[in-house]
Protein chains: 2
Amino acid sequence: MSERKLSSTNYYNQSFLENKCSLNELLYLVSKRWLTEVLFSIEEGNNRFTSLKESLEYISDHILADRLRLLEQHGLINKSYLPGNPPRTEYVLTSQGSELSDLLDGLCNFAENKMQF
Amino acid sequence: MSERKLSSTNYYNQSFLENKCSLNELLYLVSKRWLTEVLFSIEEGNNRFTSLKESLEYISDHILADRLRLLEQHGLINKSYLPGNPPRTEYVLTSQGSELSDLLDGLCNFAENKMQF
DNA sequence: CTGTATCCGATAAGATACTG
DNA sequence: CAGTATCTTATCGGATACAG
């Protein structure tokens with residue numbers, strides 16, 4: 001969505017942390033709003049843009065498109081173009097995507113049962 | 001560090017997601033910069049403010065204090081005041097804190113070995 | 001149907017100065 | 001030693017308009 005400025009401590013510190021441990025890269029990705037919801041919704045069988053948009057109620061086109069791009073860039077989903085007019089696309093999880101989904105389920109279980117918010 | 005405004009779609013959507021699943025609350029917490037590093041550093045035996053600050057090199061007082069407050073508020077660490085002058089405090093993980101740390105290790109392993117960034 | 005472009009408000013991180 | 005207060009800047013999410 002936006003590039004990061006090279007000349008700032010903000011940028012420098014984030015880079016430092018991401019180099020220190022990839023966990024920080026992963027958290028930076030999955031903590032983006034709606035991202036895990038998009039992943040889960042695809043897993044549940046919502047494979048099309050409009051279907052995802054409906055299942056997620058309040059998400060905007062802009063953000064949904066961005067999250068799909070991020071998920072694809074990081075190898076968590078595959079995108080395929082179906083022939084015909086109007087154009088149709090289909091999204092499915094990769095094996096890495098479903099592995100991440102399982103890990104997030106574990107975190108979710110912890111959050112629901114053990115955390116105090 | 002800062003309060004959230006009640007009258008904005010930004011706030012409304014975040015609330016919607018947090019109510020939908022606590023995973024979103026947890027991710028909102030652990031994705032705050034330095035937070036997991038502070039957790040891991042305490043686990044490794046850095047139990048004092050200054051010791052943590054040294055182990056994390058570039059973290060500021062402000063952020064370190066904030067992250068310690070958040071971790072304590074959510075029951076992930078305990079804070080104890082040691083008697084004497086100058087004042088000393090000590091931080092240790094709770095059982096929930098180490099459970100979360102284990103889950104994050106799993107995520108970290110995934111990030112290091114399976115993810116493409 | 002499946003997106004993209006541009007602008008703007010809200011928030012998070014950091015800089016600096018200060019304190020019991 | 002262990003923090004707090006105030007201010008600034010960068011970034012993120014969202015609104016609106018538009019398009020192949």
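Residue numbers begin at 1 in each chain, while the letters A, B, ... track the order of the sequences.
For the pair A/Lys32 and A/Tyr28, the cation sits on the ring face: its NZ or CZ lies under 6.0 Å from the ring centre, inside 45° of the axis.
Picking from C/dG3, C/dT11, C/dA13 the nucleotide with the shortest atom distance to the side chain of A/Asn10 gives C/dA13. You'll find that the side chain of B/His62 is closest to D/dT6, out of D/dG13, D/dT6, D/dC1. Side-chain proximity of A/Lys32 to the nucleotides D/dG3, C/dG3, D/dG13 is greatest for D/dG13. Listed nucleotides: C/dT2, D/dC1, D/dG3. Nearest to the side chain of A/Phe49: C/dT2. The nucleotide whose nearest atom lies closest to any side-chain atom of A/Thr9 is, among C/dT2, C/dA12, C/dG14, C/dG14. Nearest nucleotide to the side chain of B/Asp61, out of D/dT4, D/dC12, C/dT2: D/dT4. For B/Arg48, the side-chain atoms get nearest to D/dA2 when compared with the rest of D/dG20, D/dC12, D/dA2. Of the listed nucleotides (C/dG3, C/dA5, D/dG13), D/dG13 has the atom at the smallest distance from the side chain of A/Arg67. Candidate nucleotides D/dA15, D/dG13, C/dT2 were compared by shortest atom distance to the side chain of A/Arg33, and D/dG13 ranks first.
Rounding to the nearest 0.5 angstrom, the gap separating the CG atom in A/Asn47 from the CG atom in A/Leu52 is 7.5 Å. The CG atom of A/Asn10 lies 4.5 Å from the CZ atom of B/Arg33; values are rounded to the nearest 0.5 Å.
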Notebook entry, point to check: In dot-bracket, 5' to 3', how would DNA chain C read with Watson-Crick or G-U wobble pairs under 3.5 Å, [ ] for crossing ones and | for pairs to another strand?
Noted result: ||||||||||||||||||||
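In this structure, A/Tyr81 reaches neither bases nor backbone, as no heavy-atom distance under 4.0 Å exists between it and the strands shown. Note on A/Tyr58: nothing from the nucleic acid sits closer than 4.0 angstrom, heavy atoms only.
Phosphate contact (OP1/OP2 of C/dA12, side-chain N/O of B/Trp34, threshold under 4.0 Å): absent. Listed pair B/Thr89 / D/dG3 meets the phosphate criterion, a side-chain N or O lying under 4.0 Å from OP1 or OP2. Distances shorter than 4.0 Å separate some side-chain N or O of B/Thr50 from OP1 or OP2 on D/dA2. Taking side-chain N and O atoms only, B/Tyr28 has a distance below 4.0 Å to OP1 or OP2 of C/dA12. For the pair A/Asn13 and C/dG14, the criterion of a side-chain N or O lying under 4.0 Å from OP1 or OP2 is met.
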Next item on the list: Let me see the working for B/Cys21 and A/Cys108 under side chain to side chain contact (heavy atoms under 4.5 Å, CB included), right down to the final yes or no.
Entry: CA-CA 8 Å; B/Cys21 176; A/Cys108 183; 3.1 Å; yes
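In this structure, the salt bridge (charged side-chain N to carboxylate O under 4.0 Å, His left out) partners of B/Lys20, at least two apart in sequence or on a different chain, are A/Glu37. With sequence neighbours left out, B/Asp105 forms a side-chain hydrogen bond (donor to acceptor under 3.5 Å, both in side chains) with no residue at all.
Counting heavy atoms from C-beta on, the side chains of A/Leu29 and A/Leu76 come closer than 4.5 Å.
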